[in-house]
Amino acid sequence: ATITTVATNNYPGARVLYEEIELKEEVELIPSLLTLKQDVPAFYQLEECLSRNLEEVRVCHFGVIENPKYTVAVVGGSHSGHWMPALEILAKEMNFQIDLYSHDGCRFTTEDPNPEFNYFTDACLAWNKNLIELLKQDPPDLVFTPSTLNKREVIPQGFINQWIALDGYTHIFGIRDNPRMKEPVPECLERVEDVSECSVARDEALSKVAPWNNTTGIPDNVYFADLSDYFCDEERCYSVIGNIIVYRDDNHITTEYMKTLAPMLKIPLQEAFDLLDSGTFELHRTSSS
């Protein structure tokens with residue numbers, strides 16, 4: 001049976017990192033290795049929400065649809081989309097609507113950050129242009145998007161170009177990209193006796209300094225949030241936390257683990273909303289990390 005509670009004492013996930021919980025050992029990990037690769041956010045079942053390989057911008061609405069206090073646009077590829085299970089929990093708690101603009105295999109950018117891999121499609125870059133026009137026409141309160149890429153030490157210029165395009169229209173909530181593992185976690189867990197063998201050194205998974213502290217030219221409409229400490233301690237980044245498997249491959253977060261991150265995501269999100277309400281968003285910009 002699937003465990004659907006946000007967190008139980010058997011399966012606290014990220015809660016073991018911020019609450020006093022005595023973790024029960026010897027329980028079977030969730031999601032099971034059999035279903036792990038399918039543990040994706042629910043919106044992937046809705047074809048009308050997915051723009052993959054298309055220039056057309058598709059949008060789906062979640063959370064509070066009737067008279068929300070705020071509107072949050074979640075934009076980009078799978079590293080935006082895998083935050084949806086936490087955002088959907090918070091949308092009801094914090095009274096906001098989610099406008100999901102999902103284009104897997106594509107980032108919120110004006111240029112391919114990995115041209116050597118020929119990974120981006122023309123459709124992705126056209127979609128990005130079309131999306132900017134839509135967001136300008138009807139600006140959300142916040143645009144939720146990854147603000148960094150993998151373990152790069154600076155923010156890709158293409159990301160910054162998109163933020164600049166929206167400066168004066170809306171505000172960016174830039175979440176730090178999550179750490180990546182060295183190999184797909186399901187394969188690693190099947191092979192080892194001790195799950196800690198599937199962890200990686202923090203220095204190998206994340207830049208030592210938050211990339212926004214190394215990057216110039218960032219516009220004032222960006223707020224940065226860093227939840228790295230809920231994937232890693234000072235030494236290592238983990239594939240299993242609180243009896244929940246964190247990754248469904250080597251870089252995408254499981255829905256089960258993401259739900260347990262909701263209380264920690266709420267803190268910077270609330271701060272960003274408070275800054276919007278007080279009109280001081282541009283004076284703040286980075287959260288402490």
Side-chain angles (χ1 to χ4, degrees), residues 1-17 19 21 23-53 60 62-63 74 76-92 98 100 102-106 146 150 175 177-200 205 227 230-232 236-265:
T2 307
I3 308 289
T4 51
T5 51
V6 171
T8 64
N9 282 346
N10 279 359
Y11 298 103
R15 277 178 53 216
V16 297
L17 304 175
E19 287 180 22
I21 291 175
L23 186 62
K24 292 193 177 173
E25 307 288 342
E26 307 305 315
V27 300
E28 212 167 297
L29 301 179
I30 60 168
S32 77
L33 287 175
L34 290 174
T35 62
L36 186 54
K37 289 178 183 175
Q38 287 77 51
D39 191 51
V40 300
F43 73 84
Y44 281 109
Q45 307 302 319
L46 305 171
E47 193 63 37
E48 66 273 18
C49 301
L50 309 176
S51 292
R52 187 179 178 90
N53 298 328
C60 280
F62 300 90
V74 176
S78 56
H79 278 239
S80 308
H82 68 191
W83 291 93
M84 279 291 288
L87 287 167
E88 286 191 80
I89 291 168
L90 295 177
K92 293 186 168 60
I98 301 168
L100 175 68
S102 174
H103 194 306
D104 262 21
C106 181
N150 205 328
I175 192 90
D177 200 5
N178 57 274
R180 284 159 167 73
M181 298 288 105
K182 279 187 173 162
E183 66 171 308
V185 167
E187 282 82 336
C188 185
L189 291 175
E190 278 177 349
R191 200 183 67 241
V192 302
E193 291 284 309
D194 181 354
V195 297
S196 66
E197 290 180 48
C198 299
S199 64
V200 300
L227 266 59
Y230 302 99
F231 299 101
C232 316
R236 301 196 70 76
C237 300
Y238 296 95
S239 62
V240 176
I241 298 174
N243 292 333
I244 298 180
I245 301 172
V246 179
Y247 297 88
R248 63 178 192 260
D249 46 28
D250 63 354
N251 71 106
H252 292 99
I253 311 306
T254 61
T255 294
E256 291 289 359
Y257 189 71
M258 183 57 76
K259 288 175 188 171
T260 71
L261 282 175
M264 302 326 293
L265 181 58

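Numbering starts at 1 and runs along the sequence shown.
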Check whether T260 reaches the backbone of A14 with its side chain - one donor and one acceptor, N or O, closer than 3.5 Å. yes
For Q38, is there any backbone N or O sitting under 3.5 Å from a side-chain donor or acceptor partner on T35? no
Atom pair NE2 (H103) and CG (L50), whose distance is rounded to the nearest 0.5 Å: 10.5 Å
S239 and V185: which non-hydrogen atoms are nearest, and at how many Å? CB-CG2, 3.7 Å
Indicate yes or no: at least one non-hydrogen side-chain atom of V195 is less than 4.5 angstrom from one of L29. yes
I'd like to know whether CD of E47 has more than 12 heavy-atom contacts from other residues, nucleotides or ligands below 6.0 angstrom. no
Student check: side-chain heavy atoms of Y230 and P263 closer than 4.5 Å: no
Are S196 and S199 close enough that a side-chain donor and a side-chain acceptor fall under 3.5 Å? no
D177 side chain vs N150 backbone, donor-acceptor pair below 3.5 Å: yes
Which heavy atom in I244 sits nearest to a heavy atom in P12, and how many Å separate them? CD1-C, 4.5 Å
Minimal heavy-atom distance between K259 and P85, with the atoms involved, is CG-CB, 4.1 Å
Taking E187 first and then K37, would you say they form a salt bridge - that is, a charged N and a carboxylate O separated by under 4.0 Å? yes
What heavy-atom pair brings C198 and V192 nearest, and what distance separates the two atoms? SG-CG2, 3.7 Å
Quick one, L265 and I175 - any side-chain contact, counting heavy atoms below 4.5 Å? yes
If you look at every heavy atom in S102 and F43, which pair is closest and at what distance? OG-CE1, 3.6 Å
Say you draw a straight line from CE of M84 to OH of Y44; how long is it, rounded to the nearest 0.5 Å? 10.0 Å
Please round to the nearest 0.5 Å and tell me the distance separating atom CG of L23 and atom OH of Y11. 10.5 Å
Check: N251 side chain, R180 main-chain N or O, donor-acceptor pair, under 3.5 Å: no
Calculate, to the nearest 0.5 Å, the distance between atoms CG and CG belonging to L261 and L90 respectively. 10.0 Å
Indicate yes or no: at least one non-hydrogen side-chain atom of F62 is less than 4.5 angstrom from one of C49. yes
Return the minimal non-hydrogen interatomic distance between P186 and R248, and the atom names on each side. CG-O, 3.4 Å
Parallel, tilted or perpendicular: rings of W83 and F231 (30°, 60°): perpendicular
Is there a donor-acceptor contact under 3.5 Å from the side chain of T254 to the main chain of I245? yes
To the closest 0.5 Å, what do you measure between CG (N10) and CD1 (I21)? 11.0 Å
Any sub-3.5 Å donor-acceptor pair from D194's side-chain atoms to E197's backbone N or O? no
Determine yes or no for a side-chain-to-main-chain donor-acceptor pair under 3.5 angstrom, with H82 supplying the side chain and I253 the backbone. yes
Output for pair (D104 CG, H252 NE2), nearest 0.5 Å, gives 6.5 Å
